[in-house]
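One structure below.
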Amino acid sequence: MEESEYSFSEIEKKWQKVYDKEKVFEAEPDPSRPKFFVTFPFPYMSGPVHLGTAYTLTRLDIVARYKRKRGFNVLFPFAFHWTGTTITGISDRIRRGDEKTIEILEKMDGVPREEIERFKDPVYLAKYYTEKNRAALKDYGLAVDWRREFHTSSLNPGFSTFVQWQYLKLKEKGYVTKGVHPVVWCPRDKSSTGDHDRLSGEGVFPEKFYLVKFRLEGSHLVAATFRPETIFGVTNVWVNPNAVYAEAEINGEKWIVSVETLDKLADQMRIVHKIREFKGKELIGKMVEAVFTGHRVPVLPASFVDPSLGTGVVYSVPAHAPYDYMALEDLKRNEAVLKEYGLDPDEIRSIKPISMITTEKYGSNPSEKLVAELGIKNQSDPKLEEATSLVYKEEFHKGVTLSNCGRFSGLPVQKAKELVIGEMRKTGAGDQFLELPSPVVCRCGTRCHVKILEDQYLLRYSWPEWKAKALRALERMSIYPKEVRENFVYFINWYDDWAFTRTSGLGTPVPWLPGHIVETLSDSTVYMAYYIVSKYVNNGMLKPENLTEEFYDYVLLGIGVPEEVGNKTGVPADFLKRLRYEFDYWYPVDLRNSGKDLVANHLTFYIFHHVAIFPEEKWPRQISVNGFLRIEGQPMHKSKGIFISLKDAVEKYGSDATRITLLLSAEGLEDPNWESEKASKNIELLRSIYGFILSLIGEKGPVRNSHMEDWLRNSVRTRVKNVTDALENMQIREATSEALYGLRNDLRWYLRRVKEPDSEALREAVEAWLNLLYPFIPHLAEELWSKLGKKNLLANHPWPIVAEVDEKPLLVEKYLEQLVEDTYQILKALKKASLNRLRLITAAQWKNNAFKEIIETAEINPEKTRGILAQHAAGVGKEELGRFMGQVMKSLQTMTEEHRKILKYVLEKGEKNILKEAQPFFEKEFKCSVETLSEDEVPREKLGELVGKKPPAQPGRPILLIE
RNA sequence: GCGGAGGUCGCGUAGCCUGGUCAAUCGCGCGAGGCUUAGGACCUCGUCCCGAAGGGGUUCGUGGGUUCAAAUCCCACCCUCCGCACCA
């Protein structure tokens, strides 16, 4: 019959339509039911939603569906993220004709050429993806209340009013301050350059460089270094003879630095007046004096000096800096250069490294040692990089200054460094500034540097009171998996003030600062509250102009009198009360699930902002995070082609198969791995489950209600309990696996075990199973539910009751399973495929009696055991008793609690009775005649003959005679 | 460097907190048999090594230790992955 064919696309569309029509997921406040509000961090609309998003989303969807079935009134809304520079960035790149961007859009996202042309308009781009993604998400089938959908930024005036209100509140309550803030800066774009805006230099951020001054004819040659403490080992100063340098007045003092340095100094709050420019070679050969130590050293030429890095001036410590050492050696050998700059070769060759630090590992001249060890030939050898870092690490952590370091002698390097820095600052012999340790190039091709932004509006994350409140919120929250809690503590403590205004990209204007928008991470922190409002903005009952500060104050915080607020906002007082009621009903968020990447930023902000704005009872209740999806073992990477969109996956595998493929692949913080082959297999698995359940529904066996039905019912209860527990603990993979495979295996065993299945017991089990399957594979489960002749929706049907499990029937089956396994093992050892006769001989009654008593005592005590045995063994031969004693002691030693339970119950029920009852099963299983006996029923001599040297029967371990 | 996760029988994983029926879960793959006109699906068994009786041997990143007993507890080491900021 074509009925049994599983066509996922048909089934999925069918039920999505039904859910839509019946408004199953449209949630309204209902005081008679507890609420459960789940949220997902809205995805960014700069591209298609991918499987990684789907994974995180699915975990949440499962909880939403499960909670609904448990009687909760579940709200699961959705929105789309437009704020920030990613969308405008793509548009910019297309406008510039960036090939790579266009290629990715065309090949990976499947955007038609003519659409790409229109992507020059960022709004068009955002709308395009929002449409596409909404469609893909709907085809995937989520338990979402779509009436509340919105997107962010000023392009959505309703949402913007909300963000503005949020910032007015933050400012009013003192969470906003003004200050300075360093950023990686592109001088051409006049904006900060985040990682994703960079052509090269990802992950590079400002580090402190120290400036060390050398007196030169009424001016200062200013060198930059990470290691100011090494000034005691200086032998010379390097400049690049071909670079351009400048003399300039810096905060009133004359400095000589590379011309590139001037902009950097100016951008770090220094007043810069350029006096003149000149070539670096003019400096060569001059003598300079270290202000800090008074060392007089020559200025020498070096090609490795990069005028764009630091100040373009480097002081040379050949003993402790392999680069300096090598450059000096090169120079000593290079007659031509010496001649060119008129340097005295003898004088240069007499320069010796000055040791000023020692370590156990490298001694006091590590440069020389490492250059020799690594076989470094000249100053352009890339291995110098490695040598430098080896020396730096070792000396910084384990080095001690030598006696030539004045007041800083005999100190650990770390300590000396700290003191030298302090002293230089005090005396003006040195200074410091921020610099990028390696080059960063903006997408526009310009080299970036550090700029300190002044008069920045900052969120005061450094404020101890705010941190304390956030930590308190965290304490009351449930966090899954639990390891992540520590991360939150770390990040809450670690955060410093955060600059939240921007001048580029999409977003909401800062209410008090025209021309500036609220940065993306900062505007998306408490927006879950807006879902209550957005429903009415979408249906036209509220207009953006109604959404004033007073409006939100009343609806979200309960401040003000409805009638007065109504007058000011134009919203009827009754409606305001209704809104207030709705907010109060739904808030706070009960569960927010996201990828682990958001812990460090968004989720921490989420906590911070909630505690700042809302009273304690509205603080978030639970956060759960999961790993990052990999594709065929590789991290997702669009430009490398490692990327699967949700749309493609759903088209190819359907929603249900996609769901379980994602869910079964990881737990906790592990990174799930998507394997397409597995997804295909999972379609087969679903087809198989579909067919299996249909066949079970078709069974027409008599109603019996014997042991096996009892067993089946209790197995079902166990599965219900397991799935429920796993779901409550956000162990979604465990839950999925248990729901998919657990009951399937139970039903298989049941069918194997009985001659004719009990149709009623089967039907009960199938019903429970479908309920358990629903959260994970909703469409398939719903389809089968209707095939069962049910009139209601499975989505609305209550979750099975988590009932007390009666272990007894389960114990009996465990005993039998063990017996079957033993039989198979013997067959294997005998290399036999089949058998003619199977005889099961259970232990003699006296053994059973003795054993019962021994297990009761629950301890391994040879004396006591022997005593008990002797009591029961009247008339038993000494040898037989001894042998049995050995067996008993051995099995007692390794007996687990479960095994004890099994034995106890088997003995209680009578082992032979159990076997008698299971005899037809054994006959069916092994296709042979089966006989069940007790040792008591076989004459002693006969028994010896039958058993041979095999160990005698033990309670729970009958002799198996195979012929 | 700082912080976090992890290394289990071909692959992906469970077990580890609370040590003992743990040669170790489940799924995939693979092999055998059954079913079937055939294929697929489905069902059963097997899948570290040895074994003519349910047993024995060697395993859970490496090396030590604690214990009657260790995948599980302790110590050291090796390796892999992730995050480290103004940016989604």
Side-chain angles (χ1 to χ4, degrees), chain A residues 41 43-44 46 81 83-87 89 181-184 192-198 203 205 393 396-397 453 456 458-459 461 481 483-484 486-487 489-491 494-502 505 519-522 524 596-602 604 627-628 630 633 635 664-673 675 677-678 681-682 684-685 687-688 691-692 695 733-734 737-738 740-742 745 748 751-752 818-819 821-834 860 891 893-899 902 925 927 947-951 957-962:
Chain A
Y44 204 72
S46 56
H81 200 190
T83 307
T85 51
T86 311
I87 288 173
H181 172 247
V183 292
V184 176
S192 64
T193 309
D195 256 352
H196 60 282
D197 296 324
R198 298 177 191 178
F205 51 91
K393 271 186 195 151
F396 183 76
H397 293 289
L453 299 174
Q456 275 293 297
L458 304 170
L459 286 162
Y461 290 148
E483 306 91 81
V484 175
E486 257 180 89
N487 285 324
V489 172
Y490 174 83
F491 286 116
W494 169 79
Y495 262 102
D496 203 347
D497 292 348
W498 179 273
F500 67 89
T501 68
R502 292 289 177 283
E519 169 273 330
T520 158
L521 279 173
S522 307
S524 312
K596 63 183 173 185
D597 53 324
L598 297 191
V599 171
N601 44 61
H602 165 71
T604 299
F628 233 44
R630 301 167 82 90
L664 286 170
S665 65
E667 195 83 283
L669 284 179
E670 291 162 5
D671 289 334
N673 184 25
E675 291 168 281
E677 206 181 308
K678 239 175 206 168
K681 291 274 168 200
N682 280 334
E684 295 307 317
L685 172 68
R687 180 165 290 144
S688 146
F692 183 47
S695 75
R733 178 180 57 189
E734 171 69 19
S737 161
E738 185 74 5
L740 279 175
Y741 302 114
N745 289 338
R748 277 183 191 165
L751 293 178
R752 194 172 152 193
Q818 180 63 48
L819 217 53
E821 205 184 302
D822 281 354
T823 313
Y824 275 115
Q825 266 211 52
I826 297 169
L827 285 176
K828 194 190 150 204
L830 292 175
K831 301 201 191 327
K832 272 189 172 186
S834 61
I860 308 166
S891 48
Q893 253 169 31
T894 49
M895 192 174 286
T896 58
E897 198 45 46
E898 183 179 42
H899 196 59
I902 293 174
E925 184 73 17
K927 299 189 183 65
V947 176
K949 355 183 252 305
K950 289 166 214 128
R957 303 218 68 182
I959 297 169
L960 297 171
L961 287 178
I962 283 171

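None of these values were measured; they are calculated from a predicted model. Letters A, B, ... mirror the listed sequences (proteins, then strands); counts begin at 1.
You'll find that the side chain of A:Tyr824 is closest to B:U44, out of B:A14, B:C87, B:U44. In this structure, the nucleotide among B:C84, B:A14, B:G55 sitting nearest to the side chain of A:Trp494 is B:C84. Residue A:Ser688 has its side chain nearest to B:A41 when only B:A14, B:A41, B:C87 are considered. Comparing B:U44, B:G12, B:C82 against the side chain of A:Lys596 picks out B:C82 as the nearest. In this structure, of B:A41, B:A53, B:C26, it is B:A53 that holds the atom nearest to the side chain of A:Ile826. In the set B:A85, B:C26, B:G12, the nucleotide with an atom closest to the side chain of A:Ser737 is B:C26. Closest to the side chain of A:Phe491, out of B:G83, B:A41, B:C45, is B:G83.
Rounded to a whole Å, the NZ atom of A:Lys828 is 11 Å from the P atom of B:G51. Look at CD on A:Glu486: it is 6 Å from P on B:G4, rounded to the nearest Å. Atom pair A:Leu960:CG and B:G54:C1' shows a separation of 7 Å (rounding to whole Å applied).
Here A:Leu827 lies out of heavy-atom contact (under 4.0 Å) with every strand.
Between B:C42 and A:Arg752, no contact under 4.0 Å exists linking OP1 or OP2 to a side-chain N or O.
Base pairing annotation: B:A5 forms a Watson-Crick or G-U wobble pair with B:U80, both donor-acceptor distances under 3.5 Å. Within the shown strands, B:C30 is the pairing partner of B:G46 under the Watson-Crick or G-U definition, both distances less than 3.5 Å.
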message: At under 4.0 Å between heavy atoms, how does the protein contact nucleotides 29-36 of chain B? Give one character per nucleotide, 5' to 3', with B, S or -.
response: S-------
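A:Glu684 and A:Lys681 are not joined by a salt bridge, as no carboxylate oxygen comes within less than 4.0 angstrom of a charged side-chain nitrogen.
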